[in-house]
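Written below as structure tokens is the structure these notes are about.
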There are 2 protein chains.
Amino acid sequence: MPLDPLSSTFAALADPTRRAILARLALGETSVMELAKPFDMSLPAISKHLKVLEHAGLISRGREAQWRPCRIAPASFKQVDGWLGNFRRFWDESFNRLDGLLEEMKVEEAAKAPPRSQRKVRVTKEKQRGRTRG
Amino acid sequence: MPLDPLSSTFAALADPTRRAILARLALGETSVMELAKPFDMSLPAISKHLKVLEHAGLISRGREAQWRPCRIAPASFKQVDGWLGNFRRFWDESFNRLDGLLEEMKVEEAAKAPPRSQRKVRVTKEKQRGRTRG
DNA sequence: CATGTACTTAGCTCATCGGTTAAATAACCT
DNA sequence: AGGTTATTTAACCGATGAGCTAAGTACATG
């Protein structure tokens, strides 16, 4: 049985060889041979690692003659980052300051607008999900 | 042999039960019994999961009489977030916009100051590490 | 077509992982 | 001391994971 996406992504990231491969790919698309070079490991081993990374949605692969160029695929990274966001308040100071600010703004807004039905906002849920900077 | 810290952290996160435990702990410190309740699983199994999480630096445990209250430990989360930051440019639009801005600023600064030795800045390295929001 | 290059698949080994039950430890409460 | 509650340790089992070698596939080129 296949694991849920987040589990297979984390599992894929739990190997230093695979993380090193991703670090290399962050510099740009490249071939399997090229990726294998830094490692004291058989080619099939690298091939397996790439399969794991692909299955985890962390890379995608193309076809160019006999080469299978690999590149970073953003989606799973984004998902991991999203999950991590649920815990950001535990370590990110600026996140907490921003939260304080947002809460202040909500309080002020609530003071201006008279309370209607469904006016109450679940701040805790709100601040844990789908945050972007900007 | 023990894995490197990042590997054991990712490995710890690669299990849905353990992620659910962390999600519960995000709501606040609690006991092993309390943590075990939602799961159809023996207590020793939970105990093992907690040991893995503790070893990964994702939780810490106290002592209060016969209870061992668990709570989120920030350090490993932060480390994961830091590692993920190396790849942020692949999915985070606002991150890219910010990078563009920073690069512009560097260009302007460089235009003002006449080129000295070691003036060249490795933007790529710079933008991949130790970023915080402000 | 034959040979070389770039991979992938198959089949094996060994270690680790997630779960189990049974027993041990630790602290509290008569 | 004896019992109850909370949690861990020990010993085991089946499944999965990372590595290997050997063989297979796909494409390019002489």
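Letters go in sequence order (proteins before strands), and every chain restarts at 1. The structure displayed is predicted, hence computed values, not measured ones. Note: hydrogens, waters and symmetry copies are ignored here, and every other heavy atom, side chains too, is used.
- When ring centroids are compared, B:F87 and B:W83 come within the 6.0 Å threshold.
- Regarding B:F10, its CZ atom lies at a distance of 15 Å from the P atom of D:dA18, rounded to whole Å.
- Between A:K48 and A:P69, it is A:P69 whose nearest contact on DNA chain C lies nearer the 5' terminus.
- Taking side-chain N and O atoms only, B:H49 has a distance below 4.0 Å to OP1 or OP2 of C:dG19.
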When the side chains of residues 38-49 of chain B are checked against the rest of the protein, which donor-acceptor pairs come out under 3.5 Å, sequence neighbours left out?
| residue | atom | partner | partner atom | Å |
| --- | --- | --- | --- | --- |
| B:S42 | OG | B:A45 | N | 3.4 |
| B:H49 | ND1 | B:R18 | NH1 | 3.2 |

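- Nucleotide D:dT5 holds its C1' atom 18 Å from the CD1 atom of B:I46, rounded to whole Å.
- Using a 4.0 Å heavy-atom cutoff across all strands shown, A:K51 reaches sugar-phosphate atoms only and no base atom.
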Starting at the 5' end of nucleotides 21-28 of chain C, put B wherever the base has a protein heavy atom under 4.0 Å, S where only the sugar-phosphate does, and a dash everywhere else.
BB----SS

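- Atom CD in B:E34 sits roughly 15 Å away from atom C1' in D:dT5 (whole-Å rounding).
- Listed by chain and number, the residues in a side-chain hydrogen bond (donor to acceptor under 3.5 Å, both in side chains) with B:E34 are B:K37 (sequence neighbours excluded).
- Taking side-chain N and O atoms only, B:R18 has no distance below 4.0 Å to OP1 or OP2 of C:dG19.
- Nucleotide D:dT21 holds its C1' atom 15 Å from the CE atom of A:M41, rounded to whole Å.
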